[in-house]
Amino acid sequence: MTDAQVIVVGAGPAGSTVATYLARAGVDVLLLEKTTFPREKVCGDGITPRGVKQLIDLGIDTSEDAGWMHSRGLRILTGDLTLQLDWPDLTSYPPYGVSRTRHDFDDLLAKTAVKAGARLQERTTVTGAITDERTGRVVGVEAKTGPEKTPVSYRAPLVLACDGVNAKLARSVGIDTDECRPMGVAVRRYYKSPRHDDPFIEGHLELWDRSDPRNPKLLPGYGWAFPLGDGTVNIGLGMLSTSKAFRNTDYRALLRSWLDSTPEEWGYREENAVGRIGGAGLPMGFNRTPHYRDGLVLLGDAGGMVSPFNGEGISSAMESAQLAAEFVVQALARPEGPSRERALHGYPQALKELMGGYYRLGNLFAKAIGHPKVMRAATKYGLRVNPLIPLIYKGLSGCYDAKGGDAVDRMISLAARLTPSA
Ligand SMILES: Cc1cc2nc3c(=O)[nH]c(=O)nc-3n(C[C@H](O)[C@H](O)[C@H](O)COP(=O)(O)OP(=O)(O)OC[C@H]3O[C@@H](n4cnc5c(N)ncnc54)[C@H](O)[C@@H]3O)c2cc1C
């Protein structure tokens with residue numbers, strides 16, 4: 001007895017995207033989500049051209065008329081240098097990024113999945129996997145549903161874990177975090193600001209506390225400002241686990257000291273703040289594997305797919321969803337047994353080919369910039385050497401043509417291929 005052909009746990013970017021593709025392919029999908037839409041989700045709300053491509057692939061209208069704030073590129077700020085760069089001109093990705101609050105964005109994606117035919121069940125918190133006693137294979141999930149948190153169970157031949165950074169489902173079958181891989185922590189808040197319609201998103205590579213002008217202090221971490229075009233800017237900062245300050249930092253206080261030192265006219269002050277400061281972890285560089293085992297497929301944050309280069313996780317969540325859907329559809333068309341398993345094992349392999357080398361490189365990068373001296377040297381000298389700028393820019397943003405492309409694209413692809421496994 002089964003309740004669906006596929007159970008998808010979590011309706012964030014990974015879950016709603018994979019549910020959409022599967023439903024469009026005629027698969028009966030049950031999409032379980034612990035919250036109800038629309039709801040807030042702590043995020044920077046920024047999507048690079050790589051993520052925009054995913055939206056376009058899904059058939060979502062990404063025009064400004066449809067409610068998206070477009071960015072034409074990235075402004076990088078260090079203590080004494082500002083670089084403004086348009087998104088690269090590429091074959092693979094469009095020349096614009098977008099931002100939109102996750103309040104709207106996740107709701108839109110969930111509605112897209114429902115429209116495609118997925119059965120979305122909100123207010124349903126999955127508590128763990130059901131495994132077959134004899135084979136150890138995941139055959140369903142235990143959950144609590146509705147206002148009474150009524151215990152229920154659902155069964156399906158395949159379960160997709162899209163439940164984000166906590167990855168409760170994967171942990172319930174012993175798929176744990178690899179502590180050797182980098183992890184990030186980030187906090188963000190919305191501010192009313194005249195910069196809300198700035199066409200560039202901003203990355204602040206140095207955060208300064210200038211409360212004592214005679215003694216400015218360099219703060220740990222890196223910041224962002226992503227304009228939303230609705231009167232507000234999403235501003236936040238993050239830090240990597242490779243940095244010494246990672247565990248003993250008050251991130252909310254850090255955000256305030258940084259913002260109090262930014263120019264008054266930007267408006268990043270307490271009286272312009274909208275809502276609370278929210279924070280969460282960023283699981284990076286494939287810090288949870290295997291991405292497929294015994295009937296359970298891991299996607300997005302649940303599989304540790306945030307980019308160690310820039311903290312972006314929406315595009316990789318959606319890319320993993322697109323790939324997973326392809327392999328799951330093929331698998332379901334085969335008889336249960338070795339042939340179906342072979343198809344499913346194609347997913348982690350394809351994921352590795354798509355992101356593995358680039359993330360390996362990113363994990364080394366995260367290790368290096370955890371040392372403040374390396375980070376300072378990189379921002380002080382690297383960004384001043386003109387020929388290096390496109391390499392740094394494309395490498396960090398993940399916006400390069402992995403096949404073909406120009407000399408810089410080929411250099412990044414080669415480095416990703418040649419980087420030894422970390
Ligand atoms: C402060 C901050 C800023 C960030 N900024 C950016 C950014 O600007 N751009 C970017 O690309 N990425 C950013 N990220 C990363 C990005 O938010 C994630 O990588 C992305 O949301 C991953 O998508 P996902 O679908 O895998 O997981 P999620 O978006 O976390 O979705 C998981 C879903 O599963 C549901 N769920 C969880 N547990 C259960 C359960 N037990 N049962 C049922 N449902 C469950 C959740 O409610 C949620 O809807 C940021 C992260 C943080 C913390």
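Position 1 is the first residue of the sequence, and the numbers go up from there. In each ligand, atom 1 is the first atom listed, and ligand 1 is the first ligand listed.
Here the heavy atom of the protein found nearest to atom 25 (O) of ligand 1 is A14 N, 2.9 Å. For atom 27 (O) of ligand 1, the closest non-hydrogen atom of the protein is G164 CA, 3.6 Å. Here the heavy atom of the protein found nearest to atom 31 (O) of ligand 1 is G12 CA, 3.4 Å. When only non-hydrogen protein atoms are considered, atom 9 (N) of ligand 1 lies nearest to G46 O, 2.7 Å. V126 N, 3.7 Å is the protein heavy atom nearest to atom 40 (C) of ligand 1. Atom 53 (C) of ligand 1 has A280 CB, 3.4 Å as its closest protein atom, hydrogens excluded (heavy atom only). In terms of protein heavy-atom proximity, atom 34 (O) of ligand 1 is nearest to G10 CA, 3.1 Å. Closest to atom 16 (C) of ligand 1 among all protein heavy atoms lies R102 NH1, 4.0 Å.
Under a 4.0 Å N-O distance rule, the pair K111/D107 qualifies as a salt bridge. Salt-bridge annotation for E319 and R50: present, with a side-chain N of the basic residue lying under 4.0 Å from a carboxylate O of the acidic one. The existence of a salt bridge linking R137 and E341 is confirmed by a sub-4.0 Å separation between a basic side-chain nitrogen and an acidic carboxylate oxygen. Of the charged side-chain nitrogens involved, at least one lies within less than 4.0 Å of a carboxylate oxygen, so that R189 and E270 count as a salt-bridged pair. Between R276 and E40, at least one side-chain nitrogen of the basic residue sits less than 4.0 Å from a carboxylate oxygen of the acidic one, meeting the salt-bridge criterion. The residues K394 and D409 are annotated as salt-bridged, a charged nitrogen and a carboxylate oxygen being separated by less than 4.0 angstrom. A salt bridge links D86 with R72; the closest basic N to acidic carboxylate O contact falls under 4.0 Å. Ion pairing between a basic and an acidic side chain is recognised when a charged N comes within 4.0 Å of a carboxylate O; R102 and D45 show no such pairing. D230 has no carboxylate O lying under 4.0 Å from a charged side-chain N of R100, or vice versa, which leaves the two without a salt bridge. Between D57 and K53 there is a salt bridge, with a side-chain nitrogen of the basic residue lying less than 4.0 Å from a carboxylate oxygen of the acidic one. Under a 4.0 Å N-O distance rule, the pair R119/D28 qualifies as a salt bridge.
Close approach of ligand 1 to G300 is summarised as follows: ligand atoms under 4.0 Å from at least one heavy atom of the residue are 26 (O). Using a 4.0 Å cut-off to heavy atoms of D163, the atoms of ligand 1 that qualify are 32 (C), 34 (O), 37 (C), 38 (N), 39 (C). Every atom of ligand 1 with a heavy atom of F226 under 4.0 Å away is listed here by number and element: 8 (O). The contact set between ligand 1 and T125, taken as ligand atoms under 4.0 Å from a residue heavy atom, comprises 41 (N), 42 (N). Of all the atoms in ligand 1, the ones that sit under 4.0 Å from a non-hydrogen atom of T35 are 47 (O). Close approach of ligand 1 to E312 is summarised as follows: ligand atoms under 4.0 Å from at least one heavy atom of the residue are 10 (C), 11 (O), 12 (N). In summary, the atoms of ligand 1 found under 4.0 Å from a heavy atom of A186, numbered by their order in the structure, are 1 (C), 2 (C). Taking a cut-off of under 4.0 Å to the non-hydrogen atoms of C162, the atoms of ligand 1 that pass are 32 (C), 33 (C), 34 (O).
Here A143 has no heavy atoms under 4.0 Å from ligand 1, in either its backbone or its side chain. Here R39 has side-chain heavy atoms under 4.0 Å from ligand 1, and that is the only part of it that gets that close. Contact annotation for A317 and ligand 1: only side-chain heavy atoms (C-beta onward) come within less than 4.0 Å of the ligand. Contacts between D45 and ligand 1 below 4.0 angstrom, taking non-hydrogen atoms only, involve the backbone exclusively. Proximity of V306 to ligand 1, defined as any heavy-atom pair under 4.0 Å, is confined to the side chain (atoms from C-beta onward).
For the pair G44 and ligand 1, the shortest N or O to N or O distance falls below 3.5 Å. Polar contact check, G281 against ligand 1: no nitrogen or oxygen pair lies under 3.5 Å apart. Between W224 and ligand 1, no pair of N/O atoms sits closer than 3.5 Å. The N/O atoms of G278, backbone and side chain alike, include none that comes under 3.5 Å of an N/O atom in ligand 1. Here's the thing with I314: one of its N/O atoms is less than 3.5 angstrom from an N/O atom of ligand 1. Taking only nitrogen or oxygen atoms, main chain and side chain alike, D301 reaches within less than 3.5 Å of ligand 1.
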>> ring-ring contact (aromatic ring centres under 6.0 Å, His included), that's the test. Do Y359 and F309 meet it? Break it down for me.
In response: CA-CA 8 Å; Y359 278 6; F309 282 111; 8.0 Å; no

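Heavy atoms of T124 approach ligand 1 to within less than 4.0 angstrom. The closest approach between G311 and ligand 1 falls below 4.0 Å for a heavy atom of the residue.
Crowding of D250 atom CG: a count of heavy atoms from other residues, nucleotides or ligands under 6.0 Å exceeding 12. By the neighbour-count criterion of 12 heavy atoms within 6.0 Å, atom CD of E133 is sparsely surrounded, having that number or fewer from other residues, nucleotides or ligands. R75 CZ: more than 12 foreign heavy atoms inside a 6.0 Å radius.
Residues H345 and Y292 place their aromatic rings such that the two centres sit under 6.0 Å apart. Aromatic pair F37/H103: centroids not less than 6.0 angstrom apart.
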